[in-house]
S.K.: 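Dumping the structure here so I can ask a few things about it.
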Amino acid sequence: MDDDGSKSYSNSDVNIPVNVQGNLRHLSPYLNFDPVYLPPTQPEFIFPEGAARQRGRFEHAFSQIGASCMVGAGVGGMGGLYNGLRLTTLAGQKGRLRVTQLINHTMKKGAASANTLGIIALMYSGFGVVLSYFRNAEDELNTLAAATLTGMVYKSTSGLRKCATGGAVGLGIAAAYCLWTSRDRHLEFKRQLHPI
């Protein structure tokens with residue numbers, strides 16, 4: 001007992017070794033155990049290796065939208081710079097006036113293209129997420145339907161004919177993308193049909 005009436009413990013009372021033995025010298029004495037009893041290391045990913053599910057459409061949507069905005073800004077900015085160079089040369093502008101006009105053309109065209117591609121990517125990703133949620137599947141049919149709907153909605157204010165044309169363009173781009181990404185499966189199917 002201590003002076004204040006509480007009981008004090010010594011090393012022999014709680015039976016915790018003070019000295020660490022073996023290759024565990026860097027650990028605390030309270031962690032003196034055989035590492036064999038630890039479970040094997042686990043994967044550092046949300047989905048373990050070999051799992052069927054990978055990142056879904058919602059996870060890909062953010063990178064698709066951001067990449068589309070950056071590509072649109074880059075391509076539009078280069079187009080604006082080209083037009084600015086052409087127009088300022090024709091107008092005979094020089095010095096600071098020409099530099100200001102070049103910056104204006106580049107920024108205006110780059111922002112417009114980034115906005116356009118960003119909106120298209122946002123609609124495509126939104127349709128893709130909704131379709132995969134309701135169909136409970138992530139396959140080429142979602143890609144084709146999302147691209148077709150995106151083209152139709154994007155051109156819906158221009159009339160029925162342009163709406164159908166926008167849907168056809170979206171379907172064509174999605175079909176080319178699906179054929180490109182699934183070319184390995186097509187080659188394997190051909191090999192099974194015509195074995196050597």
Side-chain angles (χ1 to χ4, degrees), residues 43-87 102-196:
E44 297 178 12
F45 306 103
I46 295 174
F47 302 111
E49 294 176 16
R53 177 163 158 70
Q54 298 297 323
R55 287 178 33 183
R57 282 193 179 266
F58 186 72
E59 290 88 0
H60 285 291
F62 298 104
S63 59
Q64 289 172 350
I65 295 166
S68 297
C69 286
M70 288 190 289
V71 167
V75 171
M78 286 199 285
L81 180 63
Y82 173 76
N83 284 339
L85 286 171
R86 189 173 53 82
L87 293 175
L102 288 175
I103 291 171
N104 288 343
H105 281 283
T106 302
M107 297 304 285
K108 185 176 181 181
K109 186 72 171 173
S113 298
N115 188 27
T116 300
L117 281 182
I119 292 296
I120 290 172
L122 179 68
M123 286 193 296
Y124 168 75
S125 297
F127 284 131
V129 167
V130 169
L131 285 169
S132 65
Y133 176 76
F134 282 115
R135 289 189 63 237
N136 200 19
E138 292 189 25
D139 55 3
E140 284 86 6
L141 185 60
N142 288 349
T143 302
L144 295 171
T148 304
L149 287 170
T150 299
M152 291 175 70
V153 170
Y154 186 74
K155 287 295 187 179
S156 63
T157 58
S158 301
L160 205 54
R161 179 173 287 184
K162 289 197 177 183
C163 178
T165 303
V169 168
L171 180 64
I173 292 171
Y177 172 76
C178 288
L179 286 173
W180 175 259
T181 56
S182 62
R183 65 187 181 281
D184 293 337
R185 282 188 291 159
H186 295 299
L187 291 174
E188 185 62 33
F189 183 70
K190 278 184 173 180
R191 284 188 202 118
Q192 289 176 354
L193 286 178
H194 305 290
I196 296 175

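This chain uses plain numbering: 1 for the first residue, then up along the sequence. Quick caveat: nothing in here was measured; it's all calculated off a predicted structure.
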S.K.: Between Q64 and S125, do the side chains contain an N or O donor and an N or O acceptor separated by less than 3.5 Å?
M.R.: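 Per modelled atom types, Q64 and S125 side chains form a pair under 3.5 Å.
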
S.K.: Just by modelled atom types, is the A137 backbone N or O under 3.5 Å from a matching donor or acceptor in the N142 side chain?
M.R.: yes

S.K.: When rounded to the nearest 0.5 angstrom, what distance separates SG in C163 from NZ in K155?
M.R.: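 Those atoms lie 10.5 Å apart.
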
S.K.: Side chains of Y154 and T116: closer than 4.5 Å at any heavy-atom pair?
M.R.: yes

S.K.: Identify, with sequence neighbours excluded, every residue that meets side-chain contact (heavy atoms from CB on, under 4.5 Å) alongside L81.
M.R.: L85, L102, T106

S.K.: Grab the two heavy atoms, one from M123 and one from T150, that are nearest each other, plus how far apart they are.
M.R.: C-OG1, 3.7 Å

S.K.: Quick one: does C178's side chain get under 4.5 Å of L144's, heavy atoms only?
M.R.: yes

S.K.: So do the side chains of Y177 and I173 get within less than 4.5 Å of each other, counting heavy atoms only?
M.R.: no

S.K.: Which donor-acceptor pairs under 3.5 Å do the side chains of residues 70-79 make with protein atoms, sequence neighbours left out?
M.R.:
none

S.K.: Does a side-chain heavy-atom distance below 4.5 Å link Y124 with L149?
M.R.: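 No, every pair of side-chain atoms sits at 4.5 Å or beyond.
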
S.K.: Just jot down the side chain to side chain donor-acceptor pair (under 3.5 Å) partners of D139, sequence neighbours excluded, or say none.
M.R.: R135

S.K.: Supply the atom-to-atom distance T143 OG1 to L171 CG, rounded to the nearest 0.5 angstrom.
M.R.: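 Taking OG1 in T143 and CG in L171, the distance rounds to 11.5 Å.
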
S.K.: Backbone N or O of G110 within a donor-acceptor pair of the S113 side chain at under 3.5 Å?
M.R.: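 The answer is no, because no donor-acceptor pair under 3.5 Å joins these two groups.
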
S.K.: Compare every heavy atom of A146 with every heavy atom of L131, then report the nearest pair and how far apart it is.
M.R.: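 That closest heavy-atom pairing would be CD1-N, 3.7 Å.
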
